[in-house]
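Counting begins at 1 with the first residue of the sequence. These numbers come from the heavy atoms of this one structure, side chains and all, not from hydrogens, waters or symmetry mates.
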Amino acid sequence: MTRRLRDGFLWGNSVSSMQTEGAWNEGGKGMSVYDIREATEFSADWKVATDSYHRYEEDFDYMQQLGMNCYRFQISWSRVNPLGDGDFNEEGIAFYDKFIDALIERGIEPMICLYHFDMPLHLAEKYNGFVSREVVDAFVRYGKEMVNRFAHKVKYWITFNEQNIFHMGSGAFRISGYMNGEKTLDENYQIQHHTMMAHAYIANYIHENYKDVLIGGMLAYLEVYPATCKPKDILYARKIDEFFNHNLLEALTYGKYSGEVMAYVKYETINMGIQEGDLEELAKLRSDFLAFSYYASKTVNSDLVPEGTPVNYYMEKGDQNNPYLKATEWNWQIDPLGFRDILNKMYNRYKLPIFPIENGIGVIESWDGEHEIQDDYRIEYHRDHIQAMKDAIFIDGVDVIGYLGWGLIDILSSQGDMRKRYGVVYVNRENHDLKDLKRVPKKSFKWMQKVIKSNGEDLAVLESIKTN
């Protein structure tokens with residue numbers, strides 16, 4: 001029996017602005033925290049990235065050739081508001097206006113993300129990022145302005161990329177514009193609460209003013225297995241799931257934090273920075289869909305976690321390899337069944353449409369300047385994950401909106417490393433040599449093209465791939 005994905009299923013690509021745009025000092029853009037990061041042995045600076053600021057139409061042409069009908073991109077806060085809390089930059093806003101129109105002209109649905117870790121430098125230096133309520137106010141002002149400018153032609157919105165990372169130990173400080181301080185547990189919870197309030201204000205504003213616009217929350221769903229059947233390993237894995245995943249999902253769906261997390265906050269006398277009126281505003285929050293990123297699963301060994309460690313730091317202490325999974329050269333363990341499991345857990349508990357908007361495999365690749373890159377491993381990765389998604393839909397009954405790969409035209413990695421490539425299109429640059437930035441389709445381009453053309457029905461591998 002042939003089972004086809006629904007008409008209008010969204011196939012596409014996700015990126016951030018700092019990993020793609022470049023043009024760090026053009027078009028009236030202000031400085032972001034990424035603009036002051038210097039190149040290292042294994043990373044580039046962020047000044048050029050893949051130069052999509054100047055080359056986006058070429059990239060969109062490749063997306064159109066692939067058959068993509070959705071592109072999730074990020075508006076650079078400092079491009080449209082150079083200080084973050086000052087005057088808006090009309091040249092920057094005009095750039096995104098043309099950018100969105102170019103997508104729509106090609107039949108590609110735009111999806112906007114408002115924040116992907118690149119805090120305007122002024123806000124980071126003056127207020128220490130999202131540990132401050134002033135930055136919440138600035139973000140809400142910026143977000144409302146972008147909604148007012150673009151909601152008439154952009155249907156899908158998210159506020160924060162991988163919002164649960166703002167609750168994950170040291171990761172919260174790295175991505176929130178935090179520049180100085182002791183990185184206390186109180187501050188960790190304040191950053192998490194402040195980003196949640198910022199999201200709530202924008203989502204509630206959209207629902208009150210734009211009936212045809214959809215906004216959801218997005219997390220990096222942390223799929224964590226217990227290392228053994230030892231009860232403490234199982235306890236730790238479950239608590240990680242509750243604190244890192246369900247705490248955010250409960251707020252996004254029901255307008256309140258996890259009861260277990262709030263009990264922990266009370267027990268540990270943690271100051272979350274909750275102000276009068278916050279919980280009432282949060283209670284109004286609803287989501288139209290739930291989005292997530294997924295690349296690999298993890299395993300926790302409770303024996304490695306020192307007694308008294310906060311849950312927020314369990315994975316930093318207790319992470320260990322899963323002997324049943326293969327890993328990339330970056331030690332990201334490939335686990336399509338984990339993808340299916342997440343789709344089920346999110347849908348069964350929250351009953352909202354689910355949208356996986358980042359999935360892919362990062363691999364060190366090089367191009368000889370002549371021959372097609374034979375990235376069979378990428379075909380296998382996406383084939384197995386798309387099949388897992390289809391199993392979740394057809395066997396398990398999950399409502400899935402679409403499937404977006406990550407960086408399907410090569411971009412800088414999250415650490416600025418051009419060696420770690422996710423794309424089905426190669427971009428000809430290295431960390432310290434910009435070369436010509438030429439775009440070159442890989443073997444996986446042709447495979448993805450036929451997958452999308454068949455709306456996911458034809459996952460057959462190309463020649464030289466062995467089926468499992």
note = Given the options K420, R419, R421, Q415, D417 meets side-chain hydrogen bond (donor to acceptor under 3.5 Å, both in side chains) only with R419
message = Tell me whether the rings of Y53 and F95 are parallel (<30°), tilted (30 to 60°) or perpendicular (>60°).
response = parallel
inquiry  = Students often mix this up, so state it plainly: with edges at 30° and 60°, are the rings of W447 and H382 parallel, tilted or perpendicular?
reply    = tilted
task = Could you tell me whether the side chains of Q387 and D391 share a donor-acceptor contact shorter than 3.5 Å?
result = yes
key: Single hit among Y295, W406, F339 for ring pair (Phe, Tyr, Trp, His ring centres under 6.0 Å) with H385   = F339
inquiry  = Given 3.5 Å as the limit, does a donor-acceptor pair link the side chain of S258 with the main chain of V261, or not?
reply    = yes
inquiry  = Using the ring centroid of each side chain, check whether F60 and F73 are separated by less than 6.0 Å.
reply    = no
inquiry  = Before we go on, tell me: are the rings of H116 and F160 under 6.0 Å apart, centre to centre?
reply    = no
key: Aromatic contact, F150 with Y96 (centres under 6.0 Å)   = no
ask   = Side chain of S14, backbone of E358: donor and acceptor closer than 3.5 Å?
value = no
Shortest non-hydrogen contact from M179 toward A124 = SD-CB, 3.5 Å
ask   = Is any side-chain heavy atom of I357 less than 4.5 Å from a side-chain heavy atom of M111?
value = yes
task = Using the six-membered ring wherever Trp is involved, compare the ring planes of Y115 and W77 and label them parallel, tilted or perpendicular (cut-offs 30° and 60°).
result = perpendicular
